[in-house]
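In what follows, a single structure is set out as structure tokens and then discussed.
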Amino acid sequence: MTNVTSNQSSFTRPDGSPIRILVVDDETVLAELLSAALRHQGWMTRTAANGWEALESTDEYQPDVVVLDVQMPGLDGMATLERLRKKHPHIPVLFLTARDAVADRIAGLRAGADDYVTKPFDLDEVIARIDALLRRAGMASTTVSHILTVGDLVLDEDSHDVTRAGQSILLTNTEFELLRYFMENPNIVLSKSQILDRVWSYDFGGQANVVELYVSYLRKKIDRDREPMIHTLRGAGYMLRPPA
């Protein structure tokens, strides 16, 4: 079992809560190591040491994916899956198997497993296969949007495109950073010192007039021939407010 990368999964449950994974393996150390790697992805985990415990945990925990070892004493993975499918036919199941024979893998898939990995496995492969199962199950993605919108003003943080009322606006890098800061804090008064610290990362020797200068540049591009969005509050700072 090899190390896992640090990227977190982009999937959540429909209510926004973390994905729940049930890891079923009679090898306690292996189950705990795998669970720790899955938690590193932002998922919640629970372990079960045998088939009967797995069935009980599935009823109580309501996992989104079950990672199930095939070779367990007592109720093995095949028998556990058969019982699991009767009550929970739609829960994705990923088999862990030490058997590399094609016939065994086919038997597992025919028994109702959605996918499998062979021991010793790579943690990144396990996580990738769980991601694929979640995608197929229609779990929600939490991929963060990089589009900021205030009124009819839209800023794309990835492409650096800026539009107002659908019309493209060309900005310098500094103007873009200043506008982004405003758009991250709409209807909030931002002082000159806050803007200096965020956009320029230092105090400019107290020359706060650089803020006034760039705000004026931004106004000429954002507010020209339109209802103003950038407002000055004397003695306090500036505020970006959507048009009425």
To check you understand the geometry: which heavy-atom pair defines the closest contact between Pro63 and Val66, and what is its length?
CG-CG2, 3.9 Å
Scan Asp115, Asp122, Asp124 and name whichever one has a salt bridge (Lys or Arg N to Asp or Glu O under 4.0 Å) with Arg129.
Asp115
Given the rule that I, L, V, M, F, W and Y join up when any side-chain heavy atoms are under 4.5 Å apart, are Ile222 and Met239 in one cluster?
no
Would you mind checking if Arg164 and Asp152 are paired as a salt bridge, meaning a charged N to carboxylate O distance below 4.0 Å?
yes
Donor-acceptor contact below 3.5 Å, side chain Asp114 vs main chain Val93:
yes
Check whether any side-chain heavy atom of Val70 sits under 4.5 Å from a side-chain heavy atom of Tyr116, and report yes or no.
no
Closest heavy-atom contact between Pro92 and Leu133?
CB-CB, 4.0 Å
Tell me whether Arg219 contacts the main-chain N or O of Ile230 through its side chain, where contact means a donor paired with an acceptor under 3.5 Å.
yes
Assess the side chains of Thr174 and Thr172: does a donor N or O sit below 3.5 Å from an acceptor N or O?
no
Glu27 CD to Gln71 CD distance, which is reported to the nearest 0.5 Å:
9.5 Å
What I'd like to find out is whether the side chain of Tyr181 reaches to under 4.5 Å of the side chain of Asp197, using heavy atoms alone.
no
Give the ring-plane orientation class for Phe182 versus Tyr238, where under 30° counts as parallel, over 60° as perpendicular and anything between as tilted.
perpendicular
For the residue pair Met72 and Val24, establish whether any side-chain heavy-atom pair is separated by less than 4.5 Å.
yes
Which atom names give the shortest non-hydrogen contact between Thr149 and Gly151, and what distance separates them?
CG2-O, 3.6 Å
Using modelled atom types only, decide if a donor and an acceptor are shared between the side chain of Asn185 and the backbone of Ile188 within a distance under 3.5 Å.
no
Under 3.5 Å, is there a donor-acceptor pair between the side chain of Arg46 and the main chain of Ser57?
no
Rounded distance (nearest 0.5 Å) linking atom CZ of Arg39 with atom CD1 of Ile21:
12.0 Å
Same apolar cluster: Leu68 and Trp52, side chain cutoff 4.5 Å:
yes
Nearest heavy-atom neighbours spanning Asp156 and Phe176:
O-CZ, 3.8 Å
Can you tell me if Asn187 has over 12 outside heavy atoms packed within less than 6.0 Å of its CG?
yes
Leu196 reachable from Leu233 in the ILVMFWY side-chain graph, under 4.5 Å edges
no
Working to the nearest 0.5 Å, report the span between CG of Leu22 and CD1 of Ile91.
8.5 Å
Could you tell me whether the side chain of Asp64 and the main chain of Arg20 form a donor-acceptor pair under 3.5 Å?
yes
Separation between OG1 (Thr47) and CG (Leu30), nearest 0.5 Å, reads 11.0 Å
Mind checking whether Val189 and Tyr214 sit in one hydrophobic cluster, side chains of I, L, V, M, F, W, Y counted as touching below 4.5 Å?
no
Looking at NZ of Lys86 and CZ of Arg83, how far apart are the two atoms once the value is rounded to the nearest 0.5 Å?
7.0 Å
Under the side-chain contact (heavy atoms from CB on, under 4.5 Å) rule, what do Leu34 and Leu123 come out as? Steps first, then yes or no, please.
CA-CA 8 Å; Leu34 179 54; Leu123 285 170; 3.6 Å; yes
Can you confirm whether Leu38 sits close enough to Ile127 that some side-chain heavy atom of one is under 4.5 Å from a side-chain heavy atom of the other?
yes
Backbone N/O of Glu212 and side chain of Asn209: donor-acceptor pair under 3.5 Å
no
Do the side chains of Val150 and Leu148 join up, straight or via other hydrophobic residues, at under 4.5 Å, putting them in one cluster?
yes
Arg85 side-chain N/O to Thr80 backbone N/O, donor-acceptor pair under 3.5 Å
no
Check whether any side-chain heavy atom of Leu171 sits under 4.5 Å from a side-chain heavy atom of Leu218, and report yes or no.
yes
Is the backbone N or O of Leu96 less than 3.5 Å from a side-chain atom of Lys119, with the two atoms forming a donor-acceptor pair by type?
no
Set out, in order, the CA-CA distance, both residues' side-chain angles and the distance that settles side-chain contact (heavy atoms from CB on, under 4.5 Å) for Met183 and Glu157, then state yes or no.
CA-CA 11 Å; Met183 294 185 70; Glu157 295 182 289; over 6 Å; no
Quick check: closest heavy atoms across Met229 and Pro242, and the distance to 0.1 Å?
CE-CA, 3.9 Å
Smallest heavy-atom separation, Ile19 atom then Arg13 atom, equals CD1-N, 3.8 Å
Hey, could you give me the OG/NZ distance between Ser216 and Lys221, rounded to the nearest 0.5 Å?
10.5 Å
Counting neighbours of CD on Gln62 that are heavy atoms of other residues, nucleotides or ligands and sit closer than 6.0 Å, is the number greater than 12?
yes
